[in-house]
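Have a look at the structure below, then the notes.
Convention: sequence-line order gives letters A, B, ...; per-chain numbering from 1.
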Amino acid sequence: MRTIDRTNGGFLFHAAPPSDRSFIPRYDKRADMRVLFLHVDYLEYEVKQKALQGIPDVPEAKRRGKVDEALVCFLTAEQRDETNPAGVAKAAAANIVDIAGQVRTKRIVLYPYAHLSSSLAAPGPAQELISYLEKELVARGFEVHASPFGYYKSFKVAVKGHPLSELSREIVADAAAPASKEDVSEAIKAEAKLVSQWHILEPSGRLHPLSLSGGQVSGFNFAGHDRLRLFVSYEMAKSREAKEEPAHVRLMRELELVDYEPGSDPGNLRYYPKGRLIKGLIEELVTRRIRESGAMEVESPVMYDFEHPALKSYLDRFPARQYIVQTPNKRTFLRFSACFGQFLIMKDMVLSYKHLPLSLYELTRYSFRAEQRGEVAGLRRLRAFTMPDCHALVPDVEAAKAQLMVRVEVAWKILEECGLSVPDDLEVGMRVTKAFWEAHKDFVVAYAKRWGKPILVEMWSEQFFYFMQKYEWNFVDGNDKAAALTTDQIDTENAKRFGITFTDEKGEKRHPLILHLSPSGAVERVMYALLEKAAAAAKAGVPPMWPLWLSPTQVRLVPVSADQLPHARSLLDHLEGVRADLDDSSDTLGKKIRTAEKEWVPYIAVIGKKEVESGQLSVRVRATKEQTDMTVETLRARIVSETKGRPFQPLAEPALLSARPIFRG
RNA sequence: GCCACCAUAGCUCAGUCGGUAGAGCAGCCGCCUUGUAAGCGGCAGGUCGGGAGUUCAAUUCUCCCUGGUGGCUCCA
């Protein structure tokens, strides 16, 4: 027998849609209720005083009760249930029947228990729901006891010890009904009126309105723009055919880069040395380029107070699915981007128009989003991810447009340096309000012209989000899934919300506009895109490769036999500033070549008797599949020149393969 | 989160119509001294993801949980 602590309300959290700069809020049209199931030997309760006004009196005979051997369902109706009590009751009944079947009982106690909820339904609809539920269960042949609603009650319970005896569930019914009153925030009201129009904009400025019928997008001839067609249909038709496991997931593990960590939460990964090396190099490159562009690097906390007024208003407007952290004295959420951290710094800065445009930058390791389980996938979608985040303050829309284009060039160069072809490997999704389009059509067209190929433009009848314009560069993978990398937005609201001001030329305080740029998108996603691109290349018969500056091993020295080992070892000293390692195993030459090729080593230098005598290396070049002779100095110079200007890190693992551990078979 | 499917050696998999399991690769030892994607032999390696139930007996059947994949929903 166990006594249940009445205050134990922490086992369920309300899950609301995620939010971030590029998130477009959509009202979650489901309804739900929460139920805590206890399979008990008995439950005894006694009604104390009323918790709610206007609740009918309970007759003396019903003020206390005892039920033996039953499934006790502590339940709450959520605010959202109000719209569809019958539907929720049906879904709840199905759940209860399911569990009652498992624990083999026909006796059920419905016990209204408000403590389970963070946003209670109003008493009326809640009672209605419970009474529906009671009827549903009685109709299915259960003996149902319902304890009085709206009272404080004391109870004693003896819980059976078996594994099914304690369960909690959040019950969801499909409720096409409209939102409940409290939930109708400004954004949602606006969204109800929102009309989204889709277009393809050509670099020439020609605009093609798109329409969707039967899952088919029409209005533009996509010939020669296959990926754009896939991206558009992904966005508009949400069509996703059944495909296989993403190619990058197999590769990230096979190459010993990154792996799942079952000991953490889904979407929190472990990086092996080679993966950490690649990720670190990308992080370094992005940070370096952004700083070179004039942004100032800062660092901000990973967790924030739920009760902070500005944050509260931000979260209220964009209810997010966050990680919750209970500190010794407050409830906090983990950041889902660097927005708050930077805004909170900016609001305390003393700013003049002379300082603008002003950019702050942070590489967030990590940003956290408690994405729905089924949405988490490999390196593509994570719960903890590394996002470079750069916010710029500008005085007005004209400055915003100009600054945005400056940042396009920075982002462009970064992704090119990382090994993506811009714009070939990416598709633009541009979102604008109708008003922005009308007033700044030239700008959008100029953007498409700079991009150099048609882009998707989504137009909203009005601004229902905090930005008037945003774009993302999307990568379309081998499974026809699109993932956004670079994104930038013109935010018209948060300066005001956070109290960020600058003094203009006339000495007046004004709120600036804020640009939200993630120059590369999440670093994990850059790795995902590179791996997917390599996998696509392999499929097309081209050897999959990393850009040279990211290759964990740049040169593999392979002696033909043990006789050449001392010579090969001495060559390592001539490869300063290059990631060179040595296969000192006793494998055959063929085997050693195979090992190196499987690791995508770009230069394999074979050293046999001939090479020792001539002082040359027989270099097998992965990119071209050619074999050429050159000296170690030539090889080194070639690699140094091919990686010029990029960050460099030495080998992540021992140079001798015999000393290298295996992280994963 | 929901629906479906999956989880056997470090890896990729086979197998057990319920009687506690096998291969290849990798690892270790030995032989071979290798000329551009797998040389040969031997050894070792498993609470069959975790918990519970049914059963004389569960890796196998049932349930719950965890992790993963696909879909829904959603996103840097």
Side-chain angles (χ1 to χ4, degrees), chain A residues 15 17-26 28-30 32 91 98-99 101-104 161-167 169-172 174 238 240-246 249-250 253-254 256 260-266 321 336-337 364 367 369-378 380-382 385-389 472-475 479 481-487 516 518-526 528 543 558-565 586-598 604-611 618-620 625 627 661-665:
Chain A
S19 101
D20 72 287
R21 69 167 53 86
S22 60
F23 172 67
I24 302 155
R26 306 219 182 274
D28 186 345
K29 294 188 180 64
R30 301 170 317 167
D32 60 3
D98 171 38
I99 290 167
Q102 283 170 34
V103 301
R104 304 211 184 96
H162 67 79
L164 290 179
S165 66
E166 296 168 62
L167 295 174
R169 286 203 180 167
E170 188 165 356
I171 291 166
V172 173
D174 290 325
K238 309 275 178 199
R240 267 146 270 184
E241 283 154 38
K243 289 285 176 87
E244 61 247 13
E245 168 176 277
V249 173
R250 188 176 51 79
R253 309 172 82 184
E254 213 169 84
E256 288 193 312
Y260 295 116
E261 178 48 81
S264 180
D265 198 42
R321 196 176 280 125
F336 48 80
S337 69
T364 61
S367 285
R369 297 180 194 176
E371 307 290 13
Q372 295 188 85
R373 182 61 196 89
E375 293 163 357
V376 175
R380 179 171 174 268
R381 187 85 177 275
L382 296 163
F385 58 97
T386 307
M387 188 173 58
D389 209 351
E472 330 106 28
W473 295 349
N474 294 275
F475 181 86
N479 282 354
K481 297 207 181 238
L485 293 172
T486 301
T487 178
H516 296 233
S518 184
S520 62
V523 173
E524 293 84 352
R525 274 203 179 162
V526 175
Y528 143 83
V558 178
V560 172
S561 81
D563 295 342
Q564 291 85 38
L565 254 179
S586 60
D587 289 337
T588 58
L589 178 65
K591 181 63 175 295
K592 286 184 273 204
I593 297 285
R594 179 178 144 86
T595 304
E597 293 287 4
K598 281 175 68 180
I604 302 171
V606 175
I607 304 139
K609 223 177 192 173
K610 275 185 284 176
E611 286 74 20
S618 171
V619 180
R620 190 178 152 116
K625 296 176 176 168
Q627 258 171 257
I662 292 159
F663 287 88
R664 201 176 179 282

Looking only at side-chain atoms of [X], point me to the closest of [options].
X: A:Glu375; options: B:U69, B:G1, B:U12; value: B:G1
X: A:Pro266; options: B:G1, B:G67, B:A37; value: B:G67
X: A:Lys610; options: B:G35, B:C32, B:G71; value: B:G35
X: A:Val249; options: B:G1, B:U33, B:U69; value: B:U69
X: A:Ser586; options: B:A38, B:U36, B:U34; value: B:U34
X: A:Lys481; options: B:G71, B:A37, B:C75; value: B:G71
X: A:Arg525; options: B:A37, B:C75, B:C32; value: B:C75
X: A:Val606; options: B:U34, B:G35, B:G70; value: B:G35
X: A:Pro246; options: B:G1, B:U33, B:G70; value: B:G70

Would you say the side-chain atoms of [X] pair up with the backbone N or O of [Y], donor to acceptor, closer than 3.5 Å?
X: A:Arg380; Y: A:Ala482; value: yes
X: A:Glu256; Y: A:Arg664; value: yes
X: A:Ser518; Y: A:Pro388; value: yes
X: A:Thr486; Y: A:Pro519; value: yes

- Watson-Crick or G-U stems involving RNA chain B, each at least 3 pairs long, distances under 3.5 Å, ordered by first number: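 RNA chain B forms these stems: B:1-7 with B:66-72, B:10-13 with B:22-25, B:27-31 with B:39-43, B:49-53 with B:61-65.
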- Between A:Val558 and A:Lys592, what is the shortest heavy-atom contact and its length?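 Taking A:Val558 first and A:Lys592 second, the nearest heavy atoms are CG1-CB, 3.6 Å.
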- Message: For A:Phe385 versus A:Ala522, what's the shortest heavy-atom pair and its separation?
- Response: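 Nearest heavy atoms, A:Phe385 then A:Ala522: CD1-CB, 3.8 Å.
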- Think A:Lys591 has a side-chain N or O under 4.0 angstrom from the OP1 or OP2 of B:A26?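 A:Lys591 to B:A26 OP1/OP2: side-chain N or O found under 4.0 Å.
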- Does A:Thr588 have a side-chain nitrogen or oxygen under 4.0 Å from the phosphate oxygens OP1 or OP2 of B:G39?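 It does, given that an N or O in the side chain of A:Thr588 lies less than 4.0 Å from OP1 or OP2 of B:G39.
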Contact class for [X] (heavy atom, under 4.0 Å): base, sugar-phosphate, or nothing?
X: A:Gly521; answer: sugar-phosphate
X: A:Ile604; answer: nothing
X: A:Ser367; answer: nothing
X: A:Gln627; answer: base
X: A:Gly590; answer: sugar-phosphate
X: A:Ala596; answer: nothing

Between [N] and [M], how many Å separate the two [atom1] atoms, rounded to a whole number?
N: B:C72; M: B:A9; atom1: P; answer: 32 Å
N: B:G22; M: B:G35; atom1: C1'; answer: 38 Å
N: B:G18; M: B:C61; atom1: C1'; answer: 8 Å
N: B:U20; M: B:A58; atom1: P; answer: 11 Å
N: B:A21; M: B:C48; atom1: P; answer: 10 Å
N: B:G1; M: B:U54; atom1: P; answer: 29 Å
N: B:A44; M: B:A52; atom1: P; answer: 32 Å
N: B:C65; M: B:U12; atom1: C1'; answer: 27 Å

Would you kindly check whether a donor in the side chain of [X] faces an acceptor in the base of [N], or vice versa, at under 3.5 angstrom?
X: A:Arg250; N: B:C11; answer: no
X: A:Glu611; N: B:G35; answer: yes
X: A:Ser618; N: B:U36; answer: yes

To the nearest 0.5 Å, what is the distance between [atom1] on [X] and [atom2] on [Y]?
X: A:Leu589; Y: A:Ile607; atom1: CG; atom2: CD1; value: 10.5 Å
X: A:Thr487; Y: A:Asp389; atom1: OG1; atom2: CG; value: 10.0 Å
X: A:Phe475; Y: A:Arg525; atom1: CZ; atom2: CZ; value: 11.5 Å

What is the separation between atom [atom1] on [X] and atom [atom2] on [N], rounded to the nearest whole Å?
X: A:Asn479; N: B:C72; atom1: CG; atom2: P; value: 12 Å
X: A:Tyr260; N: B:A7; atom1: OH; atom2: C1'; value: 14 Å
X: A:Ile662; N: B:G45; atom1: CD1; atom2: P; value: 18 Å
X: A:Lys609; N: B:U36; atom1: NZ; atom2: P; value: 16 Å
X: A:Arg253; N: B:C11; atom1: CZ; atom2: P; value: 8 Å
X: A:Gln564; N: B:U34; atom1: CD; atom2: P; value: 9 Å
X: A:Asp587; N: B:A37; atom1: CG; atom2: P; value: 14 Å
X: A:Glu254; N: B:G10; atom1: CD; atom2: C1'; value: 14 Å

- Where each residue is assigned the nucleotide of RNA chain B containing its nearest heavy atom, which of A:Arg380 and A:Glu261 is assigned the position nearer the 5′ end?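 Between the two, 5'-proximity favours A:Glu261.
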- Task: Map A:Ala562 and A:Ser520 onto RNA chain B by nearest heavy atom, then report which one ends up closer to the 5' terminus.
- Result: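 The residue whose closest nucleotide sits nearer the 5' end is A:Ala562.
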- Item | Short N-O contact, A:Lys598 and A:Glu254, less than 4.0 angstrom |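 Not counted as a salt bridge, because no side-chain N and carboxylate O are separated by less than 4.0 Å.
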- Message: Run A:Val606 and A:Arg620 through side chain to side chain contact (heavy atoms under 4.5 Å, CB included) and show every step you take.
- Response: CA-CA 8 Å; A:Val606 175; A:Arg620 190 178 152 116; 5.6 Å; no
